Amino acid sequence: MKNLHYLLCLTLVSCGGGSKYVDLAPPAALELRENFGGIAIADFDADGLNDIAIGTSLTEDRRLLDTRISIYRQRLVAPGTYLPARHFDSNPNGSIARVVVADDVQRDGLPDIITTNWNEGGFRLLANDLAQPGTLEPSVYYPMGLAHTTFGRGQAIGDIDADGFADVVLVTGDTVQWMPQNGGDLGTFSAPRPIGEGRDDVQLGDLNGDGLLDVIVLGVDGDLSKSILVYYNNIYAPGQFIAPRRLAAGYIAEYIGVADYDGNGEMDIAVAITQGDADYDFHGAIIVFRQLVPDSFYQSPVVRTGGTGITEIFETAVLDDDNYPEIVFQIGAEICIMESSPSGTPTIQLELAVPDNPDNYSSGSGRLSIGDLNNDTLHDIALIHKGLWVFYRQAGATLAFDAAVKLNAPP
């Protein structure tokens, strides 16, 4: 309509229809923007190379055009480079995928996509098409039955009831629930089952060594989360949980990690927290709750993560050769890598940053994922910050990365 109006105005001027339109400027170009949500790394097209899946949405002058899962496939002939994204509709309600997890739910050898979206209180399954690996089938929505909930906040995938099939654990509002997969009909799920209170972030891990996955979630402490809740799976009735163990963080808790951070054979819990001083200068920090023996936790000293803002997300992975997992934080455009140790107190080893982003096309921040993204067996870091960036790990170096490379670009 704008272009038609412009042409009509030109016609009026050229036909002597008056001078009121002489100074009319051409219509401004519509602002196209790609917004980024959750991210996952897996070999979606079964070619032996990892790909990257992201929840994205496209807007035009703030008008939502579509929401989708965008998959960047690694080029088989040139590992470390990627084909333009393929887009798959993920949510007809027009909401970006906040959390994206890849898991072989159907047990056919292909990773499927499970998402939680901003305006939904459940999750969506996008099955990978066995006939066309790397092609996602239309999403199937599984509500968690909470009418007051506006969106799923945290999500984890694992076999909760020990029947051999992956289940979905989801935090919605101030409640954590799980939905069992139907073993006789893979890729479908039964009605949700409550676990208890919980907020924002959830992780799974066998904390007491009984072979069952336990649920670790941020606590509900008024308007904030200042504690961690550990729901132990019931060994006599897998999928049922005993009353939670509460661990006090003492600060605003943001995200959780579960790994053997001190190398003693017991799983520990790392918590990203936000501290604030008298001048409200907030910054990120980390606390590790070490397990010396099962269900006996020792809180390590608080260690600042570096950077100049609040920790947005973190992941855990072994990046070097010492077998102690690193903790990788995102703080805006910066990455902070902390090394674990037998003491359980992490130390800052490396800080990385993406360059200034000159274009106004990409938005979104606070998501990262770790995996081999150039087929050299080393872990690389994919980061969402006003676009999709990758830090490739340098071969032969103890812990060093090349400068960030941006994979997405305006059309």
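Treat the numbers as computed from the prediction; the structure is a model and nothing was measured. Hydrogens, waters and symmetry mates play no part in the numbers below; they use all other heavy atoms, side chains included.
- Remark: side-chain polar atoms of D43 are paired, donor with acceptor, to backbone N or O of G48 under 3.5 angstrom.
- I327 has its side chain within reach of Y261: a pair of non-hydrogen atoms, C-beta onward, lies under 4.5 Å apart.
- Remark: side-chain polar atoms of R246 are not paired, donor with acceptor, to backbone N or O of L229 under 3.5 angstrom.
- The shortest non-hydrogen separation linking G134 to I71 is O-CD1, 4.1 Å.
- Taking the side chain as every heavy atom from C-beta outward, L170 and V99 never approach each other to under 4.5 Å.
- Summarising the geometry of I286 relative to A270, their closest heavy-atom pair is CD1-CB, 3.9 Å, with the distance given to 0.1 Å.
- Side-chain N or O atoms of T316 include none that pairs as donor or acceptor with a backbone N or O of P325 at under 3.5 Å.
- Counting only heavy atoms from C-beta outward, the side chains of V354 and K406 never approach each other to under 4.5 Å.
- The main-chain N or O of I114 is found under 3.5 Å from a side-chain atom of Q155 such that the two form a donor-acceptor pair.
- Formation of a donor-acceptor pair under 3.5 Å by the H379 side chain with backbone atoms of V318 is found in this model.
- By the 4.5 Å heavy-atom criterion applied to side chains, L125 and F189 are counted as neighbours.
- Taking OG of S340 as the start and CZ of R290 as the end, the distance is 11.0 Å to the nearest 0.5 Å.
- Under 3.5 Å, the side chains of D295 and Y232 contain a donor-acceptor pair of N or O atoms.
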Side chain to side chain contact (heavy atoms under 4.5 Å, CB included) evaluation trace for N374 with V390 = CA-CA 10 Å; N374 57 357; V390 174; over 6 Å; no
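- Residue F391 comes nearest to D380 through the heavy atom pair O-CB, 3.3 Å, listed as atom of the first residue, atom of the second, then distance.
- Contact detail for G80 and Q74: the closest heavy-atom pair is N-OE1, 2.9 Å.
- Residues F289 and Q299 are in side-chain contact: their nearest non-hydrogen atoms beyond the backbone lie under 4.5 Å apart.
- Between P342 and Y324 the shortest side-chain heavy-atom distance falls below 4.5 Å.
- Note that the CG atom of L399 and the CD atom of E326 stand 6.0 Å from one another [nearest 0.5 Å].
- Each side-chain hydrogen bond (donor to acceptor under 3.5 Å, both in side chains) pair with one or both residues in residues 233-242, not counting sequence neighbours, would appear here, but there are none.
- I269 places a side-chain heavy atom less than 4.5 Å from the side chain of L207.
- With sequence neighbours left out, D260 forms a side-chain hydrogen bond (donor to acceptor under 3.5 Å, both in side chains) with no residue at all.
- Atom CD of Q106 is separated from atom OG1 of T188 by 10.0 Å, given to the nearest 0.5 angstrom.
- Considering only heavy atoms from C-beta on, V258 stays 4.5 Å or farther from D268 through its side chain.
- Under the 3.5 Å distance criterion, the side-chain polar atoms of W178 are matched with a main-chain donor or acceptor of G239.
- Side-chain atoms of E266 do not come within 3.5 Å of backbone N or O of Q291 as any donor-acceptor pair.
- A pairwise comparison of heavy atoms in M338 and V303 identifies CE-CG1, 3.3 Å as the closest pair.
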task = Take L186 and Q181 through the side chain to side chain contact (heavy atoms under 4.5 Å, CB included) test and state the conclusion after the steps.
result = CA-CA 7 Å; L186 293 180; Q181 186 175 184; 3.6 Å; yes
request  = Determine, stepwise, if the pair F401 / I335 fulfils side chain to side chain contact (heavy atoms under 4.5 Å, CB included).
outcome  = CA-CA 11 Å; F401 292 81; I335 288 288; over 6 Å; no
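- Ring geometry for Y231 against F241 counts as perpendicular: the plane angle is over 60°, on a 0 to 90° scale with 30° as the lower cut.
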request  = May I have the step-by-step check of side chain to side chain contact (heavy atoms under 4.5 Å, CB included) for D112 and D104, ending in yes or no?
outcome  = CA-CA 5 Å; D112 308 300; D104 183 9; 4.1 Å; yes
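- In this structure, the side chain of Q330 engages the main chain of I384 through a donor-acceptor pair within 3.5 Å.
- D51 contributes a side-chain N or O that, together with a main-chain N or O of F44, makes up a donor-acceptor pair within less than 3.5 Å.
- In this structure, I157 CD1 and D103 CG are separated by 6.0 Å, a value rounded to the nearest 0.5 Å.
- E137 contributes atom CD, which lies 9.5 Å from atom CG of L130 (distance to the nearest 0.5 angstrom).
- Screening I54, I39, I69 for a side-chain contact (heavy atoms from CB on, under 4.5 Å) with V100, the sole residue that qualifies is I69.
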task = Take D174 and R199, measure what salt bridge (charged side-chain N to carboxylate O under 4.0 Å, His left out) needs, and give me the verdict at the end.
result = CA-CA 5 Å; D174 291 337; R199 178 181 287 165; 3.0 Å; yes
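- Interatomic distance, OG of S139 versus CZ of F123, reported as 11.5 Å (0.5 Å rounding).
- No side-chain donor-acceptor contact under 3.5 Å links N128 to the backbone of P133.
- Of all non-hydrogen atoms in V202 and V171, the two that sit nearest each other are CB-CG2, 3.7 Å.
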